[in-house]
Amino acid sequence: MAKDKKKTSKLDSVASLCKRRGFIFQTSEIYGGLNGFWDYGPMGSQLKKNIRDAWWQDIVVKNENVVGLDASIIMHPRVWEASGHIGGFSDPMVDCRECKKRFKADNLCEEQGQELIQDGKKFQLPEGIKCASCGSDDLTEPRSFDLMFKTFVGPVEDDSAVAYLRPETAQGIFAQFSNVLATSRQKLPFGIGQIGKAFRNEINPRNYTFRSREFEQMELEFFIKPGTDEEWHKYWVQKRLSWYESVGLPLSSLELDEHPKEKLAHYASACTDVAYAFPFGVQELEGIAARGNFDLSRHQEFSGKSMEYFDQETNERYIPHVVEPSAGVDRIALAILCEAYTEEWIPKGGEGEVIKVEDADLGKRAPEGYEARTVLKFVPKIAPVKVAVFPLLKNKPELVEKAREIFEELQEYWPCFWDVAGAIGRRYRRQDEIGTPFGVTIDFDTLEDNTVTIRYRDTMKQERISCDELLPFLMKKIR
RNA sequence: GCGGGUGUUGCUUAGUGGUAAAGCUCUAGCCUUCCAAGCUAGUCACACGGGUUCGAUUCCCGUCACCCGCUCCA
């Protein structure tokens, strides 16, 4: 195999660790996998839960004017007519028979000053359109790629039973706007937050878990008085940025991509992407869009039900505008993994400087006199396992018993890890690879003076702390 | 989906028309008073499906998956 294998990129190193340590697996791997679908293992599922919890806490719990929702994945098909996903969400593509390149048909036409001809579900290229790459006019007919997964509701598979897996969670919020408004006693401005799976039959899933066909979104629809769009849009961009910092993505690793006005959808007044510098390029984690009242108006039109809000202060009746921060959980998880992934060369014997391995040298052998360490530097809040507890020696029952006691106490509060196997250094390194921020070791001194060693993942420094102070100390560090 | 590349165990590699080897990891035991130590034993692989053949991991065809480019955007 792979005699001329390219040097591995950082993404390969991250993916390899994710598999080795139980973060991410290929779905149904024993059958060869399925393109665009991924499973999260013991560490990955806890990592994702921590990300969701951090979002839910920051968006729903800590804002008294934001409430939660958990809408169903399959909704009435008319929802997708109203949202524009049926008819508008499929991209007709053309292929060049000469140079084999593929283009979005409407982009290609637009670039050449023409418009794509649409006749119901059929598309046609206008005269004279040429390949943007090689200039050939030998192009295929525009073909539609429906990005929504279809299924049937009930036992009969006829056209009237067709339904769709939601391609975004947002429409569940819009469709329940009136019910939430009526039951939550909220006044404008207020928001509805939701976390859930969405599905898109992507043409080409890529970049590990980055573009998957099944993915998880965290979306807030923040409803506002028309005319306040700009200030609320700015507010949420800032608010979201500070959240990213709090989960371990520093501002220096992020980029704001403000869409120019002329590129916005006709109903939108602003859209800013939060992007992360992945190993494969700067790519979007979240889009924060000011969408006007497009969605609610459409649902009012298609359902015939009023989406208006009565403003008690001004005695006005209007359809609220909305600002939508919409984030991808899987993308954030991948960004956090990439950001946290670190290889170090540490001097044997403990003397000298630790060398942080540059991206280009990842996976290489440590130089003479050094040994390699792989560590995931998660912030404690996000780390899947918070504390690992070790008896210094396995064959000393008094150590094991005391350690077990401490482990069981800590387990009441966080996911913890119990490990008695192998030398203590080996056990520390195992925890480094899953990003456990704290190690607690019980030794013979513990039995004498009731103190334990606490070992820090990032610095490998150790200090002694009284057993009584351990819990409050960790509480403070982990929050 | 199109074009190109890749596919042997958890990882890194070896090898063969007669079903596979090594190191590390992992598991168990012994030992061990703080950073992948040592000793003993053990588990685990030729992506899948056809074809050729007495016999295929090896040759041929197809499929799948992953990576790169086109494309895409949560």
Side-chain angles (χ1 to χ4, degrees), chain A residues 1-6 8-9 11-13 15-17 19-22 25-37 91 93 95-97 99-104 107 132-133 140 143 145 147 167-170 197-200 202-208 210-212 215-219 257 271 273-275 280 283-289 324-332 346 348-350 363 365 371-374 390-396 399 421-433 439 441-446 452-453 455 457 460-462 464:
Chain A
M1 133 186 157
K3 291 200 174 74
D4 51 350
K5 191 173 177 180
K6 298 178 309 182
T8 52
S9 78
L11 188 65
D12 293 328
S13 304
S16 171
L17 174 70
K19 174 154 195 209
R20 188 165 74 245
R21 291 301 182 185
F25 307 123
Q26 221 177 1
T27 196
S28 29
E29 196 193 66
I30 55 170
Y31 292 103
L34 189 60
N35 192 334
F37 298 91
D91 301 324
M93 309 288 285
D95 293 320
C96 172
R97 291 196 182 92
C99 68
K100 310 290 183 195
K101 295 253 159 97
R102 167 170 290 181
F103 307 94
K104 278 180 79 172
N107 285 358
S133 176
T140 62
R143 288 175 290 177
F145 293 85
L147 295 187
E168 61 175 34
T169 57
K197 288 276 180 101
F199 304 81
R200 289 185 199 172
E202 294 288 347
I203 296 169
N204 191 2
R206 264 303 158 75
N207 291 325
Y208 198 31
F210 182 80
R211 174 163 298 108
S212 306
F215 56 98
E216 199 162 19
Q217 292 184 307
M218 306 185 291
E219 293 196 302
D257 177 16
C271 185
D273 289 345
V274 180
F280 46 84
Q283 297 277 351
E284 180 188 356
L285 300 177
E286 170 163 353
I288 302 162
E324 174 192 87
S326 168
V329 182
D330 310 84
R331 290 181 171 190
I332 293 168
I346 56 182
K348 286 180 179 161
R365 287 188 99 96
E371 55 190 3
R373 174 173 91 120
T374 302
F390 314 119
L392 183 59
L393 298 175
K394 180 189 186 179
N395 58 357
K396 299 285 185 285
L399 291 184
I424 191 75
R426 178 186 299 269
R427 285 181 267 166
Y428 285 147
R429 297 302 170 76
R430 276 199 281 250
Q431 295 306 312
D432 289 341
E433 288 211 340
T441 301
I442 286 72
D443 60 15
F444 293 99
D445 290 346
T446 310
V452 292
T453 302
R455 180 258 192 188
R457 175 196 65 202
M460 296 188 289
K461 295 259 159 48
Q462 311 188 1
R464 290 203 77 88

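As a basis for the values below, the full set of heavy atoms in this structure was taken, side chains included, without hydrogen atoms, waters or symmetry mates. Residue numbering restarts at 1 for every chain, and letters A, B, ... go by the order of the sequence lines. Computed from a predicted model, the values in this text were never measured in an experiment.
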Q: Round to the nearest Å and state the distance from A:N35 atom CG to B:C48 atom C1'.
A: 16 Å
**Q.** G-U wobble or Watson-Crick pairing nucleotide for B:A37 (cut-off 3.5 Å, both distances)
**A.** none
Q.
So, taking the atom named CG in A:L392 and the one named CZ in A:R427, what distance separates them when rounded to the nearest 0.5 Å?
A. 7.0 Å
Q. Across the strands shown, which category fits A:S212 at heavy-atom distances under 4.0 angstrom: base, sugar-phosphate, nothing?
A. base
Q: Could you check whether A:S326 gets within reach of a base, just the sugar-phosphate, or nothing at all, counting any heavy atom under 4.0 Å?
A: sugar-phosphate
**Q.** Donor-acceptor side-chain pairing of A:S326 and A:E219 below 3.5 angstrom
**A.** yes
Q. Is A:R430 touching bases, backbone alone, or none of the nucleic acid, heavy atoms closer than 4.0 Å?
A. sugar-phosphate
Q. Say you pick atom P in B:U25 and the same atom in B:G7; how far apart are they, in whole Å?
A. 26 Å
Q: Could you check whether A:N395 gets within reach of a base, just the sugar-phosphate, or nothing at all, counting any heavy atom under 4.0 Å?
A: base
Q) Which part of the nucleic acid, if any, lies within contact of A:D443, taking any heavy atom under 4.0 Å across all strands shown: a base, the sugar-phosphate backbone alone, or nothing? A) base
(Q) Under 6.0 Å between ring centres: does that hold for A:Y208 and A:F280? (A) no
Q.
Can you check the distance between B:U27 and B:C44, where both ends of the measurement are the C1' atom (answer in whole Å)?
A. 11 Å
Q: Considering only atom P, compute the distance from B:A14 to B:U6 and round it to an integer number of Å.
A: 14 Å
Q.
Using only modelled atom types and a 3.5 angstrom limit, is any donor from either the side chain of A:Y31 or the base of B:C64 paired with an acceptor on the other?
A. no
Q: Measure the distance from CZ on A:R426 to P on B:C39 and round it to the nearest whole Å.
A: 12 Å
**Q.** Touch class at under 4.0 angstrom, heavy-atom based, for A:L285 against every strand present
**A.** sugar-phosphate
Q: Verify the stacking flag for A:F215 against B:A74: centroid separation must be under 5.5 angstrom and the ring planes must differ by under 30 degrees.
A: yes
Q. Can you find a donor-acceptor pair, distance only, under 3.5 Å between A:R427 side chain and B:C35 base?
A. no
Q.
Rounding to an integer number of Å, can you tell me how far A:L11 CG sits from B:U6 C1'?
A. 16 Å
(Q) Ignoring hydrogens and geometry beyond distance, is the side chain of A:S16 in donor-acceptor contact with the base of B:C11 at under 3.5 Å? (A) no
Q) Heavy atoms under 4.0 Å, any strand shown: does A:E433 hit a base, just sugar-phosphate, or nothing? A) base
Q: Pick base, sugar-phosphate or nothing for A:E219, based on heavy-atom distances below 4.0 Å to the nucleic acid.
A: nothing
Q. Checking all strands, does A:E216 fall into the base, sugar-phosphate, or nothing category for heavy-atom contacts under 4.0 angstrom?
A. nothing
Q) Taking a pair as Watson-Crick or G-U wobble with both distances under 3.5 Å, which nucleotide is matched to B:C59? A) B:G51
